[in-house]
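Data first, discussion second: the structure below is written as structure tokens.
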2 protein chains.
Amino acid sequence: MASQQKTSRKAAATAAAIRRPQARTANGGAHAGEAGDDIGLDALVGHVGYAVRRFQLWIFQDFIKTLATVDIRPTQYSVMTVIGANPGLSQMAVAKRLGIERARLVHLLDSLEERDFVSRIPSATDRRSHALHLTARGKTALARFKRLAAEHERHVAEKIGKDNRERLLQILACFT
Amino acid sequence: MASQQKTSRKAAATAAAIRRPQARTANGGAHAGEAGDDIGLDALVGHVGYAVRRFQLWIFQDFIKTLATVDIRPTQYSVMTVIGANPGLSQMAVAKRLGIERARLVHLLDSLEERDFVSRIPSATDRRSHALHLTARGKTALARFKRLAAEHERHVAEKIGKDNRERLLQILACFT
DNA sequence: ATCAATTGTTGTCGTCAACAACAATCTTTC
DNA sequence: GAAAGATTGTTGTTGACGACAACAATTGAT
């Protein structure tokens, strides 16, 4: 055993690992094992991107959880909403409107069509494109989705405050 | 040729495709081929998650573009910032603080260690964990990153307004 | 009729979150 | 002090997602 005391842990400290036995951390208090609440973020606070990332993570998780019973993800919901409000759109138009790639929309529509929420009807005027419509089943389903989405939106209001939510929508309106 | 006029396009309208030749779109004006600006979003406007998703996409793209010369992505920047502000942290502590999985942090640190920005020093008190530090090269590099990140932050202020940016940071402070 | 552009589709690549396993090591408990 | 349980870093897989490159079919312009 004494022959190799640090065998495994594979490429643990491969390259660098300067191997200073008593390395001074220059930190004074050895933060290493703390709970994770009193760790400074320094410049990270003050970066909008970081805050937005954390917020978006939270909001998507809540959306997915709130709509878990109907198994609908945020992107799927946005696609069905746009088609529901504008029947007959082409895939290109939907993709451009929602800022998703048409390559990605193909799979999204495949899954929604498999579940009989959406149908691709060959366009009468352009034989390349499809006119997208909600099926009858899709329409009633979307109504239920919207009720659940409204519940999710209430969760958001509880989290950040009703007025802050309104302000957020107003500030970010130029991106929708 | 006349034998098969619709051969390929593979599983185009496979399943559903009700094939109504002159299907009334119930939309009045046949939106299908429009530029993509006057398409209603219906319930999507009013959903914080949708606005945040679009905003986060824009902000990350600008961050990546602004820091393209140094080839640093947002997550890498956040990791280096936290380590720089709290030397000696364990991987677990960093992951918990930034809300990223420790499994994911492994690869992030691998790349940062390969570029000699970060070093994993075996902890003196816990032989399972590593004490994370910036290398000398990493410290000077982070200083440049911060200048570029500040420039990115100015882009954000130009986009949404200086005061709106401040308000945003304030509203989302509870997530950082 | 010919050539460029558009539309849907397929494919690959890289990022990212989520989860499950595992070896090594610490911590608790008897 | 030894056994049982928890923690840390690691590897791997899965799936959603954005980006990009090709391609066939079709449309539109020259």
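Remember, predicted model here, so these are calculated numbers, not experimental data. So you know, we letter chains A, B, ... as the sequences are listed, proteins then strands, and number each from 1.
- Relative to the side chain of R53(B), the nucleotides dA17(C), dG9(D), dG18(D) differ in distance, and dG18(D) lies closest.
- Side-chain contact check for R102(B) versus Q91(B): every heavy-atom pair is 4.5 Å or farther apart.
- Ranking dT15(C), dA17(C), dT10(D) by closeness to the Q91(B) side chain, first place goes to dT10(D).
- The R128(B) side chain lies nearest to dT7(D) when the options are dA17(C), dT7(C), dT7(D).
- The CG atom of L105(B) sits 13 Å away from the C1' atom of dC16(C) (whole-angstrom rounding).
- Positionally, the nearest nucleotide of DNA chain D for T75(A) lies more toward the 5' end than for the other of D126(A) and T75(A).
- In this structure, R53(A) and Q56(A) have side chains that are not in contact, with every pair of non-hydrogen atoms separated by 4.5 Å or more.
- Taking atom NZ of K96(B) as the reference point, atom P of dA6(D) lies 15 Å away to the nearest angstrom.
- Regarding L98(A), its CG atom lies at a distance of 14 Å from the P atom of dA19(D), rounded to whole Å.
- The phosphate of dG9(D) (OP1 or OP2) has no side-chain N or O of R102(B) nearer than 4.0 angstrom.
- Dashed line: the shortest gap from a side-chain N or O of R73(A) to OP1 or OP2 of dG15(D) is not under 4.0 Å.
- No donor-acceptor pair closer than 3.5 Å links the side chain of R115(B) to the backbone N or O of D110(B).
- A cation-pi contact, defined as under 6.0 Å to the ring centre and within 45° of the axis, is absent between K159(B) and F55(B).
- Put simply, CG on L108(B) is 16 Å from P on dG14(C), counting in whole angstrom units.
- Under the 4.5 Å side-chain heavy-atom criterion for grouping Ile, Leu, Val, Met, Phe, Trp and Tyr, V118(A) is connected to I100(A) within one hydrophobic cluster.
- Across dT10(C), dT15(C), dG18(D), the shortest atom-to-atom separation from the side chain of V106(A) is found for dT10(C).
- Residues H47(B) and L169(A) are not in side-chain contact: their nearest non-hydrogen atoms beyond the backbone lie 4.5 Å or more apart.
- E101(A) places its CD atom 17 Å from the P atom of dG11(C), with the value rounded to the nearest Å.
- Counting only heavy atoms from C-beta on, A103(B) has its side chain closest to dC19(C) among dC19(C), dA16(D), dC16(C).
- Within the structure, a side-chain polar atom (N or O) of Q61(B) is placed less than 4.0 Å from OP1 or OP2 of dA19(D).
- At whole-Å resolution of the value, CZ in R127(A) and C1' in dG28(D) are 15 Å apart.
- Of the two residues near DNA chain D, M92(B) and F60(A), the one whose nearest nucleotide lies more 5' is M92(B).
- R104(B) comes within contact range of the sugar-phosphate backbone alone, with a heavy-atom separation under 4.0 Å but no base atom that close.
- Here dT6(C) presents its P atom at 19 Å from NE2 of H130(A), a figure rounded to the nearest Å.
- Between the NE2 atom of H107(B) and the C1' atom of dT10(D) there is a distance of 8 Å, given to the nearest Å.
- Listed candidates were dT9(C), dA18(C), dA16(D). Nearest to the side chain of R120(A) is dT9(C).
- Residue L57(A) is in sugar-phosphate contact alone, with no base atom involved, counting any heavy-atom pair closer than 4.0 Å across all strands shown.
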